[in-house]
Protein chains: 2
Amino acid sequence: MDFLTFVERNGRRIALPAGEHVFRQGDEDRSVYVLEQGLLKAYYLSGDGRETIKSFILEGELIGSLASAWRKETCSFSVVTLEPSSVLAFDFDALHSACRRDIDLAGAMIEHLLAFSMKKERRERELLTESAEHRYRALIAASPELFERVRQKDIARYLGITPVALSRIRQRSDARAVGEGD
Amino acid sequence: MDFLTFVERNGRRIALPAGEHVFRQGDEDRSVYVLEQGLLKAYYLSGDGRETIKSFILEGELIGSLASAWRKETCSFSVVTLEPSSVLAFDFDALHSACRRDIDLAGAMIEHLLAFSMKKERRERELLTESAEHRYRALIAASPELFERVRQKDIARYLGITPVALSRIRQRSDARAVGEGD
DNA sequence: GCTGCGCATTAACCCGGGTTAACGCCAATG
DNA sequence: CATTGGCGTTAACCCGGGTTAATGCGCAGC
């Protein structure tokens with residue numbers, strides 16, 4: 001069976017207005033979600049209330065907390081809609097056990113997980129080896145659409161810096177760009 | 001088929017002295033390696049020659065560059081032995097296609113990838129939300145053995161800071177620990 | 001149309017980490 | 001035994017980002 005076929009057969013469609021949570025850090029949520037329409041943000045909340053953004057989820061992408069859905073612990077992060085959104089929710093265990101019966105589905109699962117792993121590795125490398133300014137410019141190059149749909153403070157929290165720091169980086173970058181006529 | 005069975009049947013055993021590379025950033029290496037004995041370090045080399053450490057690989061763990069083995073690009077990082085080591089090398093494509101024929105193997109692959117994904121997510125969270133000092137203390141708590149086997153400069157590069165900065169953190173931590181009688 | 005709120009900008013000040021360099025230690029090598 | 005080189009420590013200086021606060025803007029709600 002195809003991956004999308006599985007999701008369409010087993011998923012419950014959920015519509016959410018902007019600013020609504022899909023799940024919250026600490027919840028026990030065994031579901032995984034496919035985003036059909038809209039835009040989500042996945043973020044961590046530190047003990048002192050500081051927010052840092054793990055990722056933005058675009059149409060067609062998958063989201064769910066492995067810690068909760070797979071390991072049966074609690075969600076390690078929260079997911080909230082930034083725009084009115086529609087998700088398909090399905091049970092992780094249903095997918096997991098279907099993979100034990102259906103080798104095509106297992107193959108699709110492996111491809112998804114390989115792609116996911118590479119994405120996480122790339123982000124790990126960026127955080128480990130590149131400066132905030134470098135990451136900012138790389139993000140503009142890689143996902144310019146994002147800047148149309150996401151507040152600057154969320155971009156900053158995604159880059160791992162404060163909105164104030166991002167504003168300064170933009171100031172520096174823009175000055176340089178003007179200076180270079182670029 | 002079991003995962004280890006697959007590796008034992010298809011793997012070539014390779015013995016390496018300390019300081020030897022398993023593969024280098026930029027290589028086209030389609031293999032994946034299981035570490036039998038020894039200790040490996042996976043690291044990135046930036047354009048200017050700066051080294052940052054992606055991970056340490058302990059006995060029983062898996063290592064390989066998804067970019068090269070799966071995506072057929074070049075390795076995004078290098079792997080070198082820190083101690084005399086023995087690895088089992090096997091072809092990623094052989095595993096990948098065996099997963100299409102053998103549903104048990106596919107299941108094992110899925111478990112491995114889920115665990116790997118969670119590990120990468122945890123590291124991403126640490127880099128994004130925690131200070132270098134916090135990460136240092138967490139590492140002591142989580143992997144005290146590592147400090148017996150790895151030079152302090154490599155610990156520093158793993159934490160994403162310079163050896164000098166780590167020395168300062170230790171100085172601060174130790175002073176605090178003595179002050180607290182802890 | 002007014003009010004209030006959240007956001008982006010800017011400035012001032014602080015602090016942690018980078019850089020460079022000096023020093024001492026130890027292990028490997030001759 | 002003397003030399004060499006890598007490592008960890010410490011100090012001095014610089015810089016990027018955090019924090020706080022003031023300002024101005026745009027938008028939602030009344």
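Convention: sequence-line order gives letters A, B, ...; per-chain numbering from 1.
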Return the polar atom pairs (N/O with N/O) between nucleotides 12-19 of chain C and the protein under 3.5 Å, or none.
| from | atom 1 | to | atom 2 | distance (Å) |
| --- | --- | --- | --- | --- |
| C:dA12 | N6 | A:Arg168 | NH1 | 3.2 |
| C:dG17 | OP2 | B:Arg172 | NH2 | 2.9 |
| C:dG18 | OP2 | B:Thr162 | N | 3.0 |
| C:dG18 | OP2 | B:Thr162 | OG1 | 2.9 |
| C:dG18 | N7 | B:Arg168 | NH2 | 2.7 |
| C:dG18 | O6 | B:Arg168 | NH1 | 2.9 |
| C:dT19 | O4 | B:Arg168 | NH1 | 3.4 |

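- Contact check, A:Arg170 against C:dT9: a side-chain N or O comes under 4.0 Å of OP1 or OP2.
- Hydrophobic clustering (ILVMFWY, side-chain heavy atoms < 4.5 Å, transitive): A:Phe56 and A:Ile63 are in distinct clusters.
- For the pair B:Arg123 and B:Tyr158, the distance from NZ or CZ to the six-membered ring centre is under 6.0 Å and the angle to the ring normal is within 45 degrees.
- A heavy atom closer than 4.0 Å to some atom of DNA chain C occurs in no member of residues 143-152 of chain B.
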key: Verdict with supporting geometry, B:Lys119 and B:Glu61, side chain to side chain contact (heavy atoms under 4.5 Å, CB included)   = CA-CA 12 Å; B:Lys119 210 157 108 180; B:Glu61 295 187 329; 3.6 Å; yes
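- Comment: A:Arg30 does not engage A:Asp91 in a salt bridge, judged by the lack of any side-chain N to carboxylate O separation of less than 4.0 angstrom.
- The B:Ser167 side chain lies nearest to D:dT9 when the options are C:dT10, C:dC7, D:dT9.
- Under the 4.5 Å side-chain criterion, counting only non-hydrogen atoms from C-beta, B:Ile57 is not in contact with B:Leu39.
- Atoms CG (A:Asp154) and C1' (C:dC7) sit 11 Å apart, rounded to a whole Å.
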Kindly give the atom pairs (protein nitrogen or oxygen, nucleotide nitrogen or oxygen) under 3.5 Å for nucleotides 27-30 of chain C.
none

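- Side-chain atoms of A:Ser46 and B:Thr129 include no donor-acceptor pair closer than 3.5 Å.
- Taking a cutoff of 4.0 Å between a charged side-chain nitrogen and a carboxylate oxygen, B:Glu145 and B:Arg149 do not qualify as a salt bridge.
- Remark: the backbone N or O of B:Gly38 is paired with a side-chain donor or acceptor of B:Glu59 at under 3.5 angstrom.
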Which donor-acceptor pairs under 3.5 Å do the side chains of residues 103-115 of chain A make with protein atoms, sequence neighbours left out?
| from | atom 1 | to | atom 2 | distance (Å) |
| --- | --- | --- | --- | --- |
| A:Glu111 | OE2 | B:His96 | NE2 | 2.6 |

Close N/O contacts between protein and nucleotides 24-30 of chain D (under 3.5 Å):
none

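- The side chain of A:Gln171 contributes no N or O atom lying less than 4.0 Å from OP1 or OP2 of C:dT9.
- A donor-acceptor pair shorter than 3.5 Å can be found between the side chains of B:Tyr136 and B:Arg170.
- One finds the CE atom of B:Met118 at 12.5 Å from the NZ atom of A:Lys120 (value rounded to the nearest 0.5 Å).
- Figure legend: A:Lys41 and A:Tyr43 shown as a cation-pi pair, the cationic atom lying under 6.0 angstrom from the six-membered ring centre and within 45 degrees of its axis.
- Applying the side-chain hydrogen bond (donor to acceptor under 3.5 Å, both in side chains) test to pairs two or more places apart or on separate chains, those with a residue in residues 1-14 of chain B are B:Arg13-B:Glu36.
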